Amino acid sequence: MSQQSFSRGQWKSRVGFILAASGSAIGLGNIVFFAANAYKFGGGAFYLPYLFALFVFGIPVMILEFGLGNFTGRAFPESLHRIAGRKGEFVGWWANLNAGFITMYYITILSWVVGMLFGAFGALWRDSIPVPAFGMAEGDLANPYAYFFHMLSTWKPIFYVALVWIFNVVIVRRGAETIESATKVFVPLMWIFMILLIIRGVTLENGIQGVYLLFTPNFEVMKDPAVWQGAFAQTFFSLSLGFGIMTAYASYLPKKSDLTSNSIITSLLDSGFAYIAGLAVFSILFAFAIVPQASTIGMMFFILPQGIGEMPGNSVIVFGVVFFALLLLAGLTSSVSLVEALVSSMRDKFGWSRKRTIAIAAVIGFAGSAIFALPQVVNPGLEDDGTLGLTLLDLFDHWAFSYGLLIIGFCECILVGWVLGADKVRLHLNSNSAIKLGAWFDVLIKYVIPLALLVVLGYSVWGEIRDGLYGSAFTENYSEGFSVLRFAPRLALAYWLIICSVAALLLARRGSFAKAD
Amino acid sequence: MRKLTKTIPLILIATMIAVVNVSGSYADIILDTAYPVEKQSTRVRVVADDGSPVPNAAVSVTYRPGSAVPAVFDVGRTAADGNCEWTPREAGIVTISAAWVDATGSEQITTVNASVKYSPTPVTGIVIMIVAGIVLIGGAFDRISRLLRTPESG
């Protein structure tokens, strides 16, 4: 196997690193999902379990992932290889492959954002448009639903997918250097766009009442274990943990970096962005009496646009464009981190040139993203997901996101906590950090967090057993020619498990790693 | 990043909109005030498409719709003029439903969302907003300013 050497590159400034790491963590969901989840789980009452989960669970795992990347100076698979040999590497590749699925459909979702952004200049704000592929004439389905499903039933999103992949390739072409340059523009712009939306939201008639609604607690819901499960899962998903992203990003930091402070800043910026996004989202929803939904896709493409569509005059177009541009920027800063995590792992392993690695990742990634954008209408009545691409996306998202990330989080805690020894990472972290971690960090990594992850995973598995495999409830409405999709929930699970496991096994068994300069 | 989908319930909403538009809205629920206030009585009117009142419609309100703790309360039945009194129990976004049997004997349902204002201003909510803001935004900027003061690369 190759023992080629290659240059890994490094962040040019710590501000650049913080912007890139926070840009990675702040994704589509931060803008719309956190606030909707908080509403679902008791408004202000949700902040108590959420802050608890953030400090005892999210930030320590973020510190762990930063520490791991900086300690080894390599991306996720090689970092774990250095801890636990091929078994560790297997976990690392499994994480990367799982993240590969997420990257593919995440970019498809971004392609829909691009389509909606075009629509925001006009067509999206008409009352309705015809949706012929679903057999609907104009007026049958109101906008923004009509515009969205009409777009999904065409081949246009495949073109948008290509566009988004090109953006990603351009941004990651020189690794940390170009990612840093892009995020230095994108992340401040995201904050500016968000502040514009907040100002518009709270200045709407009774918009401020929506802010009260978001934060006023309903303690009744706190007795429900689902709230705590939701808070823990939310923290994990929100911070981009379990992807190997933070490990890859931290591997480009100098050894003498203050990793603990960097982790805390990244985590707080991520949560802080979700917090301020809630101000904008809830002020708009309250002003126009629109019920929030705890779904990123629903909030992005239906609920919030519905609210923006109610705004007076030309402000509809202005704030519609701002909203979708904000989503695009937030999505791009996240998707480039996903692509970079894969690219850095492959380069660590094979020592390929960056250009070649990116080309391979982009071609495979584009093919996968295109599958999630397939426009065939499988459910003309829209009782379920509507198109083939969206149906597949829904299924793979369930497994890769809800299970994959938590499984990886559990494995990395076990590998670092028990095989390497959490104290070794802690000593490395403490050697250059202003905030010194105590032995409590070891306890969290070895016992508390793995146990919490097991409980959350167990709760989810129990849900599958009790309610049936995810997706099995919406298999009865497929149109003729797509009845084979009734097997899709099982096939998606099997495909996801087999691809991740077999490919990870093959990669882990194949040779040694390349040497970095 | 965050959980992305769970699309199905939302697409059901799209379906509901489609159905309503296909069949034509039979009646509307109209509130006396665009933004009712919690604990203050307001009037709910159920009117047919032709503007005539819908009597004897059963009106109910779902508080916290779409949350983990929705609560449905009956408001009462509309009088002959299609009106009924409603005093919102709590503030927030609510869904008001009216159900009645039409001339053909079939059951009809119509719904509308409304935003109920807080009265007085919820102090607990504001305290939580301030504390969460200080912890999350304040905490981030405090750490950034400390980090930037130290001569460290990375």
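Quantities reported herein were computed from a predicted structural model and do not represent experimental measurements. Order of the sequence lines fixes the chain letters, A, B, ..., with proteins taken first and strands second; residue numbering starts at 1 for each chain.
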Does any heavy atom of chain B fall under 4.5 Å from the side chain of [X], the backbone, both, or neither of them?
X: Phe55(A); result: side chain
X: Tyr212(A); result: both
X: Ala287(A); result: both
X: Leu48(A); result: neither
X: Val211(A); result: side chain

Report yes if some heavy atom in the side chain of [X] is under 4.5 Å from a heavy atom in the side chain of [Y]; otherwise report no.
X: Arg14(A); Y: Leu148(B); result: yes
X: Leu147(B); Y: Ile18(A); result: yes
X: Ile290(A); Y: Ile93(B); result: no
X: Ile128(B); Y: Pro217(A); result: yes
X: Leu136(B); Y: Leu54(A); result: yes

For the candidates [options], which exhibits the highest count of non-hydrogen atom pairs separated by less than 4.5 Å from chain A?
options: Pro65(B), Gly92(B), Gly139(B); value: Pro65(B)
options: Asp142(B), Ile144(B), Val127(B); value: Ile144(B)
options: Gly133(B), Ala34(B), Ala91(B); value: Gly133(B)

Atom pair [atom1]/[atom2] of [X] and [Y] - distance to nearest 0.5 Å:
X: Met129(B); Y: Leu279(A); atom1: CE; atom2: CG; value: 7.0 Å
X: Thr266(A); Y: Arg143(B); atom1: OG1; atom2: CZ; value: 12.5 Å
X: Phe141(B); Y: Leu269(A); atom1: CZ; atom2: CG; value: 6.0 Å
X: Ser67(B); Y: Asn37(A); atom1: OG; atom2: CG; value: 11.5 Å

Per-residue contact mode, [X] against chain A (heavy atom under 4.5 angstrom):
X: Tyr35(B); answer: side chain
X: Ile126(B); answer: side chain
X: Arg64(B); answer: both
X: Val135(B); answer: both
X: Ala114(B); answer: backbone

- Item | Counterpart residues, ring-ring contact (aromatic ring centres under 6.0 Å, His included), relative to Tyr275(A) (two or more places apart) | Phe215(A)

Name the option with the most non-hydrogen atom pairs under 4.5 Å to chain B; the candidates are [options].
options: Leu213(A), Asp224(A), Ile276(A); result: Leu213(A)
options: Ile435(A), Thr216(A), Leu405(A); result: Thr216(A)
options: Asn218(A), Leu51(A), Ile264(A); result: Asn218(A)

- Item | Asp127(A) atom CG, over 12 foreign heavy atoms within 6.0 Å | no

- Task: Start with the C-alpha distance between Val291(A) and Val94(B), add both sets of side-chain angles, then the distance that settles side chain to side chain contact (heavy atoms under 4.5 Å, CB included), and finish with yes or no.
- Result: CA-CA 8 Å; Val291(A) 176; Val94(B) 302; over 6 Å; no

- Message: Looking at every non-hydrogen atom in both residues, tell me the closest pair between Ala289(A) and Ser115(B) and how far apart they are.
- Response: CA-OG, 3.3 Å

- Heavy-atom pair of closest approach, residues Phe286(A) and Val116(B): CZ-O, 3.3 Å

- Task: Please confirm whether the backbone N or O of Gly66(B) pairs with a side-chain atom of Gln293(A), one donor and one acceptor, at under 3.5 Å?
- Result: no

